[in-house]
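Heads up, the thing below is written out as structure tokens.
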There are 2 protein chains.
Amino acid sequence: MTLPQATRQRDAERTRAEILEVAQREFARNGYAGARVDEIAALMRTTKRMIYYYFGSKERLYIAVLEKAYAEVREVERTADVEHLAPVEAIRTLAELTFDHHDAHREFIKLVAIENIHQAEHIRKSEVLANLGTPVLDLIERILDSGTASGEFVTEADAIDVHMMISAFCFFRVANQHTFGALFGRDMAAPEHRARLRRMVGEMVVSYLKGPDRSA
Amino acid sequence: MTLPQATRQRDAERTRAEILEVAQREFARNGYAGARVDEIAALMRTTKRMIYYYFGSKERLYIAVLEKAYAEVREVERTADVEHLAPVEAIRTLAELTFDHHDAHREFIKLVAIENIHQAEHIRKSEVLANLGTPVLDLIERILDSGTASGEFVTEADAIDVHMMISAFCFFRVANQHTFGALFGRDMAAPEHRARLRRMVGEMVVSYLKGPDRSA
DNA sequence: GCTCTAATGTACGGACTAGTACGTTAACTG
DNA sequence: CAGTTAACGTACTAGTCCGTACATTAGAGC
């Protein structure tokens, strides 16, 4: 049989994938400037030569890592299934799923933080990422429309605002856990806090959208 | 007169201060690993030799930058005067002040983001920062107690949670503006969005604390 | 099996970068 | 105004790090 064997010694796909995987860890851990090409090579079965063979430069490797990470995240977003729920529960569930999602993709969070330090210059160099629409915005918009129509939501807010509010909470809890922990002595990643904060983000966005008119 | 003149050529205080100032810009712009000691020196009236004379190493310089930045921020927090307001307005105003504060200290925000990428290892090395209490927590606690006593706040939340919620929103808007802008085409720093988001953070925290029991 | 090329390994270069050895001078003290 | 020292400048080093020239081989197609 001439089918590609799992044990074959030369396998472009596999080598490329391994480089991306190891590189993501290294970049997430040390930032762009702090990441070492030699270190990435040392953690692989292959050599530094291959990194340049497949990606050309440290920067293009970094961009490839970003593209892969964003692609995976988008895939998860696409599978969020909350539209069968009533608006209040739909938006609460979406917030909690976003929370779980941030909780589960810490390396991605770090890459985003790193990219912001560099003012997103690498994302802007990538045609793939620059044109990456986000289906979650459409989803939020439909939920908001539905909630406004039924009168459950009274606060005027657009989908981007709501997405931002949810993301801010979830992102901060993961991205800033270290300085927050050092300064306030609270580990936001610990199970007991994690569970409470998860409920909090749902309550927060629902309360906000239901609006202030409670003394009516 | 032997008073130190503004034009004197040798002035330890002034040199030290200038190094810290330039270093803060350089670290905030490029991250810890990306910052160049030579570049800091090139942007000053003095030389690299002085950086090592006063701070000993790149890392100790970085820690000194962090300490100074945190000290300034704490000073601002200390001057927040909202306790004469009723609980709802107090917490709303505090949120908006926090918003303004983040808006005005972008370099500090970046330093915090950078420090989190390094898992706060430098903060933990600093005795000054490790023991930096935060008066804002006491303030929030008093507001919450007051609001709970008057029945205006029904949601159970502690001061750290509320502080986290506010900080997350304000921090994210500044820290993630670049990737957010690149992906969603919205500049959260633009004046029109800035003003709306400022109202949003106040509304958000007030709505959350007032709680869900509006259909009573 | 032979050939051709994609895939891989080795060894090194050139530029950069944190840190320092050594020398000098301004300014305070008495 | 002489002596002392804190403050400062120059020139260099040792090591690091991205990138590459050159050599080699596995495997696909004929």
Side-chain angles (χ1 to χ4, degrees), chain A residues 1-27 29-66 114 118 121-122 125, chain B residues 1-27 29-66 114 118 121-122 125:
Chain A
M1 296 281 132
T2 53
L3 285 175
Q5 314 157 27
T7 50
R8 71 195 274 193
Q9 300 187 14
R10 301 195 165 188
D11 187 334
E13 282 306 306
R14 197 193 176 314
T15 302
R16 234 188 103 93
E18 188 180 3
I19 292 173
L20 280 174
E21 194 182 317
V22 176
Q24 171 165 330
R25 273 212 304 280
E26 174 74 5
F27 280 121
R29 268 211 249 276
N30 303 102
Y32 177 69
R36 299 288 165 246
V37 177
D38 285 288
E39 180 64 15
I40 295 171
L43 295 172
M44 299 188 303
R45 289 183 356 285
T46 176
T47 65
K48 182 168 62 160
R49 178 70 184 76
M50 289 298 96
I51 294 173
Y52 288 92
Y53 183 70
Y54 286 111
F55 298 98
S57 73
K58 180 181 181 179
E59 184 178 19
R60 290 216 292 280
L61 171 61
Y62 176 68
I63 292 175
V65 166
L66 278 180
I114 289 164
H118 298 294
E121 62 167 299
H122 305 103
K125 280 183 189 164
Chain B
M1 295 290 167
T2 54
L3 285 177
Q5 313 158 28
T7 51
R8 73 196 273 193
Q9 299 188 13
R10 300 191 167 192
D11 186 334
E13 283 307 306
R14 196 192 176 312
T15 302
R16 235 187 103 92
E18 187 180 4
I19 292 173
L20 279 175
E21 194 182 319
V22 175
Q24 171 164 333
R25 273 213 304 280
E26 174 74 5
F27 280 119
R29 268 210 249 275
N30 302 102
Y32 176 68
R36 298 286 165 247
V37 177
D38 285 289
E39 180 64 17
I40 296 171
L43 294 172
M44 298 188 303
R45 288 180 358 285
T46 176
T47 65
K48 180 166 62 157
R49 177 72 183 77
M50 287 299 97
I51 293 172
Y52 287 93
Y53 183 70
Y54 285 111
F55 297 97
S57 72
K58 180 182 180 179
E59 184 178 21
R60 290 216 292 279
L61 171 60
Y62 176 68
I63 292 175
V65 165
L66 278 180
I114 289 164
H118 298 293
E121 63 166 296
H122 305 102
K125 280 183 188 164

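Below, chain A is the first sequence line, B the second, and so on; all start at residue 1. Values in this document were obtained by computation on a predicted structure and should not be read as measured data.
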Checklist entry - Reckon A:A33 touches a base, only the sugar-phosphate, or nothing at all at heavy-atom distances under 4.0 Å? => result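 Nothing, no heavy atom under 4.0 Å.
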Next on the checklist: Counting the atoms with a prime plus P, OP1 and OP2 as sugar-phosphate, which does A:A35 contact under 4.0 Å by heavy atoms, base, sugar-phosphate, or nothing?
Outcome noted: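 The answer is sugar-phosphate, as A:A35 gets under 4.0 Å only of primed atoms, P, OP1 or OP2.
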What is the distance, to the nearest angstrom, from the [atom1] atom on [X] to the [atom2] atom on [N]?
X     : N      : atom1 : atom2 : result
A:Y62 : D:dC17 : OH    : P     : 19 Å
A:Y54 : D:dG19 : OH    : P     : 18 Å
B:R14 : D:dC8  : CZ    : P     : 10 Å
A:Y52 : C:dC12 : OH    : C1'   : 14 Å
A:E13 : D:dA26 : CD    : P     : 21 Å
B:D38 : D:dC12 : CG    : P     : 15 Å
B:I51 : D:dC8  : CD1   : C1'   : 13 Å
A:R16 : C:dT8  : CZ    : P     : 12 Å

Item to check | side chain to side chain contact (heavy atoms under 4.5 Å, CB included) evaluation trace for A:E39 with A:R29 | outcome: CA-CA 12 Å; A:E39 180 64 15; A:R29 268 211 249 276; over 6 Å; no
Next on the checklist: Heavy-atom nearest nucleotide on DNA chain C for A:K48 versus A:Y53: which residue maps closer to 5'?
Outcome noted: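 Closer to the 5' end of DNA chain C: A:Y53.
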Next on the checklist: Ring-plane angle category for B:Y32 and B:Y62, please: parallel below 30°, perpendicular beyond 60°, tilted otherwise.
Outcome noted: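 Aromatic pair B:Y32/B:Y62 classed tilted.
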Next on the checklist: Measuring from the side chain of A:T15 (C-beta onward, heavy atoms only), which nucleotide among C:dG19, C:dT8, D:dG19 has the closest atom?
Outcome noted: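 Between C:dG19, C:dT8, D:dG19, the one nearest the side chain of A:T15 would be C:dT8.
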Item to check | Options D:dG19, D:dA7, C:dG19, nucleotide nearest the side-chain atoms of B:A12 | outcome: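 Nearest to the side-chain atoms of B:A12, counting from C-beta on, is D:dA7.
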Checklist entry - If each of A:R49 and B:M50 is mapped to the nucleotide of DNA chain D with the nearest heavy atom, which maps nearer the 5' terminus, i.e. the 5' end? => result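 Checking each residue's closest nucleotide, the 5'-ward one belongs to B:M50.
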Checklist entry - Hey, is the main chain of B:V37 close enough, under 3.5 Å, to the side chain of B:E26 for a donor-acceptor pair? => result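 Absent.
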Checklist entry - Just by modelled atom types, is the B:R60 backbone N or O under 3.5 Å from a matching donor or acceptor in the B:K125 side chain? => result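 Looks like no, no N/O pair under 3.5 Å.
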Does [X] have a side-chain nitrogen or oxygen under 4.0 Å from the phosphate oxygens OP1 or OP2 of [N]?
X     : N      : value
B:T47 : D:dG9  : yes
B:R36 : C:dT17 : yes
A:T46 : C:dG9  : yes
B:S57 : C:dA18 : no

